[in-house]
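Reading through the structure tokens given below for one structure.
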Amino acid sequence: MNEQIPVIREVDGGIAKLLPDIDRERAWLLTVNGAPQSYVDLDAPTHLEFEYAQRLAHVVDCAADEGDPLELLHLGGGALTLPRYVAATRPGSRQDVVEADRGLLALVAEQLPLPAGSGIEVHGADARAWVEAASAASVDVLIADVFGGSRVPAHLTSVEYARTAERVLRPDGIYVANLADGAPFAFLRSQLATFAAVFEELALIAEPSVLRGRRFGNALLVASHVPIDTAALARRTSSDAFPARVEHGRALARLIGDATAVQDTDAVESPEPPDGTFSIG
């Protein structure tokens, strides 16, 4: 096995590090300012190290019959973990990835290049500006995994943004966002209320310890105009190494409670994680 050495680079968002996994020859962990962003195994693109990435993959896996190509828009790029997964599991898919940090894109392109014919196009741009300019009804799945540091930017949390994202989706399309919050869930509840104002169907995927308010962590918001296959999602998430629950229907309505949709004028970024929640090194 060839010994890899860490790569450290200043990017737009701070200091990026690519750290080799000593147990997997061509696998790398990407961190930005000490916060893990992505894990990629160039020899095994279907290997997903992070739990939230596994859950995002479950949503994509349940979006269509196995192997069928899809058109996806990814907001937030990192090391392109999920686009690589989709390219491997759904050959022929067309994917656009939008990442605001051009320095990070350059680092990933240089050190972790995409295979030829991947069907993945990467764009250096602001996520909301890209969505606002995108063609209507042009994608099957829109994945929002955008963090400024460890916080979701405010301009990706409002009902105006949700309507813009909805416009880009096909009628049976699926929106999924990676969020982060802890009890009493003011941010998460407001996001559920915001997307409930635009989509008829909602689901939430998170570990029980997060849902019970025992710790701060990731939660996936899933939204669509058509019924979400929550049973299939629950089967997949419950069998993960770190099982997650799929909340929907009345349980989700109880969580939303009296929360109201967020407007551009009062939008705020997601809360600052407690020290050490997502940091390493």
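Hydrogens, waters and symmetry mates play no part in the numbers below; they use all other heavy atoms, side chains included.
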Next item on the list: Just do the side-chain contact (heavy atoms from CB on, under 4.5 Å) check on His155 and Asp126 with the steps written out, would you?
Entry: CA-CA 10 Å; His155 70 308; Asp126 173 76; 2.9 Å; yes

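- Using a 4.5 Å heavy-atom threshold, the side chains of Glu51 and Asp240 count as separate.
- Minimum interatomic distance between Phe187 and Ala180 (heavy atoms only, all atoms of both residues): CD2-O, 3.8 Å.
- Put simply, the side chain of Thr194 never gets that close to the backbone of Ala261: no donor and acceptor are under 3.5 Å apart.
- With rounding to the nearest 0.5 angstrom, the CG atom of Asp61 is 12.0 Å from the CG atom of Asp229.
- Ring planes of His47 and Tyr39: perpendicular class, angle over 60° (limits at 30 and 60°).
- For the pair Leu233 and Arg55, the minimum side-chain heavy-atom distance is 4.5 Å or more.
- Leu220 has its side chain out of reach of Leu179: every pair of non-hydrogen atoms, C-beta onward, lies at least 4.5 Å apart.
- With contacts defined as side-chain heavy-atom distances shorter than 4.5 Å, the pair Val131/Leu73 qualifies.
- Shown here is Arg170, whose CZ atom has more than 12 heavy atoms of other residues, nucleotides or ligands within 6.0 Å.
- Cluster annotation: Val98 is not connected to Val108 through the hydrophobic network of ILVMFWY side chains, with a link wherever side-chain heavy atoms come within less than 4.5 Å.
- Without hydrogens or angle criteria, Asp140 side chain to Leu70 main chain gives no donor-acceptor distance under 3.5 Å.
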Notebook entry, point to check: So Glu110 and Arg9, salt bridge (Lys or Arg N to Asp or Glu O under 4.0 Å) or not? Walk me through it.
Noted result: CA-CA 12 Å; Glu110 173 191 308; Arg9 186 81 50 84; 2.9 Å; yes

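- Atom CD of residue Gln37 and atom OG1 of residue Thr81 lie 10.0 Å apart, to the nearest 0.5 angstrom.
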Margin query: Run the side-chain contact (heavy atoms from CB on, under 4.5 Å) test on Ile15 and Val32 for me, step by step, so that the C-alpha distance in whole Å, both residues' side-chain angles and the decisive distance to 0.1 Å come before the verdict.
Written below: CA-CA 6 Å; Ile15 301 299; Val32 178; over 6 Å; no

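- With hydrogens and angles disregarded, no donor-acceptor distance shorter than 3.5 Å links the side chain of Asp21 to the backbone of Ala27.
- Contact of the Tyr52 side chain with the Phe242 side chain is not registered, since no non-hydrogen atoms from C-beta on lie closer than 4.5 Å.
- The minimum heavy-atom distance between Pro91 and Gly67, with the atom names listed, is CD-O, 4.3 Å.
- Here the straight-line distance linking atom OG of Ser38 with atom CG of Leu48 works out to 11.0 Å at 0.5 Å rounding.
- Ion pairing between a basic and an acidic side chain is recognised when a charged N comes within 4.0 Å of a carboxylate O; Arg167 and Glu132 show no such pairing.
- With hydrogens and angles disregarded, no donor-acceptor distance shorter than 3.5 Å links the side chain of Arg26 to the backbone of Leu112.
- For Gln95 (side chain) and Ile120 (main-chain N/O), no donor-acceptor pair under 3.5 Å exists by modelled atom type.
- Looking only at distances, a side-chain donor or acceptor of Arg151 sits under 3.5 Å from a matching main-chain atom of Ser270.
- The minimum heavy-atom distance between Thr31 and Pro36, with the atom names listed, is CG2-CA, 4.0 Å.
- In this structure, the separation between CG on Leu30 and CG on Leu19 is 8.5 Å, given to the nearest 0.5 Å.
- In this structure, the side chains of Leu72 and Asp96 stay at 4.5 Å or more apart for every pair of heavy atoms.
- Hydrophobic clustering (ILVMFWY, side-chain heavy atoms < 4.5 Å, transitive): Val97 and Val86 are in distinct clusters.
- Aromatic ring orientation, Phe195 versus Tyr175: parallel (interplanar angle below 30°, classes split at 30° and 60°).
- Closest approach of Asp181 to Val210, counting heavy atoms only: O-CG1, 4.3 Å.
- Between Val59 and Ile174 the shortest side-chain heavy-atom distance falls below 4.5 Å.
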Next item on the list: Test ring-ring contact (aromatic ring centres under 6.0 Å, His included) on His225 and Phe199 and set out the steps.
Entry: CA-CA 5 Å; His225 286 307; Phe199 294 93; 5.1 Å; yes

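- Classification of Glu207 and Arg215 as a salt-bridged pair holds, one side-chain N sitting under 4.0 Å from a carboxylate O.
- For the pairing with Arg84, the side chain to side chain contact (heavy atoms under 4.5 Å, CB included) check across Val40, Asp41, Thr46 returns one residue only, Val40.
- The closest side-chain heavy-atom distance from Pro271 to Phe216 is below 4.5 Å.
- Pairing each heavy atom of Val141 with each of Ala63, the nearest pair is CG2-CB, 4.0 Å.
- Remark: side-chain polar atoms of Arg189 are paired, donor with acceptor, to backbone N or O of Ile256 under 3.5 angstrom.
- Hydrophobic cluster membership differs between Val262 and Tyr161, with clusters built from Ile, Leu, Val, Met, Phe, Trp and Tyr side chains linked at under 4.5 angstrom.
- Put simply, the side chain of Glu160 gets close to the backbone of Asp264: a donor and an acceptor are under 3.5 Å apart.
- More than 12 heavy atoms of other residues, nucleotides or ligands sit less than 6.0 Å from atom CD of Glu200.
- In this structure, CZ on Arg235 lies 7.5 Å from SG on Cys62, to the nearest 0.5 angstrom.
- A donor-acceptor distance shorter than 3.5 angstrom exists from the side chain of Asp101 to the backbone of Leu104, with no hydrogens or angles considered.
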Next item on the list: Tell me, with the steps shown, if Asp145 and His74 meet side-chain contact (heavy atoms from CB on, under 4.5 Å).
Entry: CA-CA 7 Å; Asp145 185 14; His74 303 260; over 6 Å; no

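- When hydrophobic clusters are built by joining Ile, Leu, Val, Met, Phe, Trp and Tyr residues whose side-chain heavy atoms come closer than 4.5 Å, directly or via intermediates, Val268 is not grouped with Leu188.
- Considering every non-hydrogen atom in both Leu202 and His248, the closest pair reads O-CB, 3.7 Å.
- The CD1 atom of Ile205 sits 11.0 Å away from atom CZ of Arg236, with the distance rounded to the nearest 0.5 Å.
- Using modelled atom types, no side-chain atom of Glu201 and backbone atom of Ser224 make a donor-acceptor pair closer than 3.5 Å.
- Both Val198 and Leu204 belong to a common hydrophobic cluster when Ile, Leu, Val, Met, Phe, Trp and Tyr are linked at side-chain heavy-atom distances under 4.5 angstrom.
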